[in-house]
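What you see is a predicted model; the values in this text were computed from it and never measured.
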Amino acid sequence: MAQTRPNDDVNTEIEDLEFASARRELPGLQGMVWRAAATAFVAFHLWILLVQPVDPTVSRAIHVFFGAALGFALFAPRASTNLVRPVPLYDWVLIGLSLIIPFHYIFDADGIEMRTFMGPNLQDLLVAGVGILLVLEFARRTAGLVMPLIAITFIAYCFVGPWMPGILFHRGVAFDQLLVELFNNNGVLGTIVQVSASFIIMFVVFATFLQKSNAGEYFNDVALALVGRLRGGPAKVTVLSGIMFGAVSGSAVANVVASGAFTIPMMRRVGYDRPTAGAIEATSSTGGQITPPVMGAGAFIMAEVLGIPYTEIALAGLIPAILFYFANYTHCDLNARKLGIKGLPRDELPRWTTILRRLYMASPLILLIFMLVQGFSPFRAAAWGIAATLVIMIVTSLVHRVWLQRQGLFTGVTSAVIETAAQIYDALHSSMKEVMQLIAVCAAAGIVAGVIGVTGVGGRFASLLLEVAGASSLMAMVFAMCVAIILGMGVPTTAAYAIAAAVVAPGLIRIGVEPLVAHMFIFYFAILSAITPPVALASFAAASMARADMWQTSIIALKLGLATFIVPYMFWLSPALLAQGSFLEILPALLTALGGVWFLACATEGWMLNGPLNPVLRFVSGSAGFMMMIPESMTDLTGITIGVALFLWQRRAYPVEGMVTLPRPVERRL
């Protein structure tokens, strides 16, 4: 089935949502040189991670500032700048400064380490000051104004703190101490960048190689074969595609762009209006960041901060991901029932024989999961996944040439090797494009973490949360939710989680919340900020692709994800939903949570089974859902009793499917 893709203007709009300014298209030899430099940058990381390690501080400096040099070459300072032109002189100055900083660490590593105890010299201070300014500009170009403004606000707080009231007061910080703390291993070159330079870049490379092998197309075909012919099939395909593609891509906007070009036109064709099609895609794509085995980049930071294996984070994210996508699937089904939307004709769906013949396409992901379960480090597991993908790429090319095109063995092998080498080169420099924003936001988040450490504001914020929790623990959690969502508006999830984890998580832990629960709670809401108005990047991207009203799309996405906003409170009250506990504790919690999500979705949609719910019955359904989602035996039993009674009433009132449908809404076409 042909894939319908939006025009170039729409693609530009979507890219502008994810990046602050458009990428430059460097012409001629200069473009070739910078593509080669990007490829070498990624290859260097693979080498030091898998073959020959180097000093961690040196590798972090290279990661941030060689990345910044590439960023200043490949990103224009303003969206209106002419994009097809060589790098201008002022950017060459920034590139030169960016390249100097890593050499400061390469040639004077021992001296820098000694001066951490004796105090910095003038060269250290100059490097720190220039480096901080470069990071702010790098983040502005690749991630927008919000993240640099947050970092600048925190830096300003270092100077105005002695005049601030209450918990915001601190005694002030000496300027030289501030520069060192914000730049070195407690700041820009700290833990967050270390995660970016190891785990994140490996999984970005893995995801890019997997996409180059056409795994994304295969996952879409599997989803089509599974649910394409069902009621509202294209919407359900979108949900399953979000699960499968989300397993290899940790960016909501990237998921929207990759799968939305295929799923949104398909939903439109069977009768979904533009805002609903965009909202379904946005919500499903957002859930990819909490979907194991490859969750969003923040999950790797979480593992490093908590000092636990990434596999534990992935296992903890499994049940919340199930609840998230079950809610999405239920909303799609109810919406299709309500509007009488059918599935796709069987003759338009992929055949299972073809899908099973291509089952090898899933082998890199299966191998990745196996390696993680066996206890291998995440980047080792990702390396094996990349290796499996390379085998698939070269064998597929070889079979195609020798078996189908009947080329000679020597010619076929030579052509297959050349083609695969070109794909590897393309995948490596494409990976750099994807990882560049993450480098910038991780470095900027390091500035914020440095301020929190040097001023001690994190501890005072924890005291504030303790005071709030003294009145109500629930209010403390609501406060933490609001902080995570607000921080996530307009910035990538990684930065939102990193800042909220530094500011809010210590306070939650001090009021008695388990560390893993506290961090997962913040991470979950940082992710949901992608569909939370007024700044909902995933919803805006999907609306652009669907040519729908952005606000209308965002509101529908919020409704589709409403049940999922309750899930973090559920695993706060019952850590069994984070796979913490025995099987006999986890299973009942999961089943009642699924039931609660279903009844709450029915209340939100105003529909159950084959007919509508009046306002009173919607309230009853919502109440039953809430009670089943609260992990208490009495509330579970009460919710189940009410829910079963309502289910039987609705089944008796509307026994035949299709008796009632509602008129489809009138679209507002842009």
Side-chain angles (χ1 to χ4, degrees), residues 243 246 286-293 295-296 298-299 301-303 305-306 308-328 465 469 472-485 488 493 496-497 500-501 504-505 507-529 561-601 625-633 635-636 639:
I243 296 172
T286 297
Q289 295 181 88
I290 57 169
T291 305
M295 301 165 71
I301 298 174
M302 189 190 310
V305 170
L306 293 177
I308 62 177
Y310 173 75
T311 48
E312 289 189 28
I313 303 293
L315 181 62
L318 180 61
I319 293 177
I322 291 171
L323 295 175
F324 185 97
Y325 280 108
F326 179 74
N328 289 352
L465 267 179
S472 169
S473 296
L474 178 61
M475 287 302 298
M477 302 306 288
V478 171
F479 182 66
M481 174 193 75
C482 293
V483 171
I485 290 177
T493 301
Y497 163 72
V504 180
L508 294 181
I509 293 169
R510 284 182 61 180
I511 68 176
V513 180
E514 290 293 324
L516 177 59
V517 175
H519 282 265
M520 283 294 292
F521 185 92
I522 294 166
F523 182 56
Y524 202 105
F525 280 116
I527 288 168
L528 290 179
S529 66
L562 182 62
T564 62
F565 279 80
I566 303 169
V567 170
Y569 293 94
M570 295 166 63
F571 61 65
W572 165 52
L573 295 171
S574 176
L577 292 176
L578 292 180
Q580 307 294 300
S582 67
F583 177 77
L584 293 179
E585 292 173 328
I586 295 171
L587 183 61
L590 173 60
L591 293 177
T592 54
L594 289 171
V597 166
W598 190 81
F599 280 104
L600 190 60
F626 273 115
M627 283 188 280
M628 293 174 70
M629 295 171 85
I630 298 173
E632 296 286 344
S633 299
T635 54
D636 284 347

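- In this structure, OG1 on T592 lies 11.0 Å from CD on E632, to the nearest 0.5 angstrom.
- Within the 3.5 Å criterion, the main-chain N or O of I630 finds a donor-acceptor partner in the side chain of T635.
- In this structure, M295 and F523 approach most closely via the heavy-atom pair CE-CE2, 3.9 Å.
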Walk me through it: do F525 and F565 pass the test side chain to side chain contact (heavy atoms under 4.5 Å, CB included)?
CA-CA 8 Å; F525 280 116; F565 279 80; 3.8 Å; yes
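- Atom CD1 in I290 sits 5.5 Å away from atom CD1 in I527 (nearest 0.5 Å).
- Atom-to-atom distance recorded for M628:CE and W598:CH2 is 10.0 Å, nearest 0.5 angstrom.
- Every residue two or more places apart in sequence or in another chain that forms a side chain to side chain contact (heavy atoms under 4.5 Å, CB included) with A518 is listed here: L508, I509, V513.
- Rounded to the nearest 0.5 angstrom, I308 CD1 and M302 CE are separated by 8.0 Å.
- The CG atom of L323 sits 9.5 Å away from the CG atom of L318 when rounded to the nearest 0.5 Å.
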Hey, can you pull the donor-acceptor pairs under 3.5 Å for the side chains in residues 568-590, sequence neighbours left out?
unit_1: Q580; atom_1: NE2; unit_2: L578; atom_2: O; d: 3.0
unit_1: S582; atom_1: OG; unit_2: E585; atom_2: N; d: 3.4
unit_1: E585; atom_1: OE1; unit_2: S582; atom_2: N; d: 2.9

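- The nearest pair of heavy atoms linking A299 to Y310 is CB-CE1, 3.9 Å.
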Apply side chain to side chain contact (heavy atoms under 4.5 Å, CB included) to residues V504 and F521 and explain how you reach the verdict.
CA-CA 10 Å; V504 180; F521 185 92; over 6 Å; no
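- For residues 507-519, every residue pair satisfying the side-chain hydrogen bond (donor to acceptor under 3.5 Å, both in side chains) rule, not counting sequence neighbours, is listed here: Y497-H519.
- The two residues I522 and A484 have their closest heavy-atom pair at O-CB, 3.8 Å.
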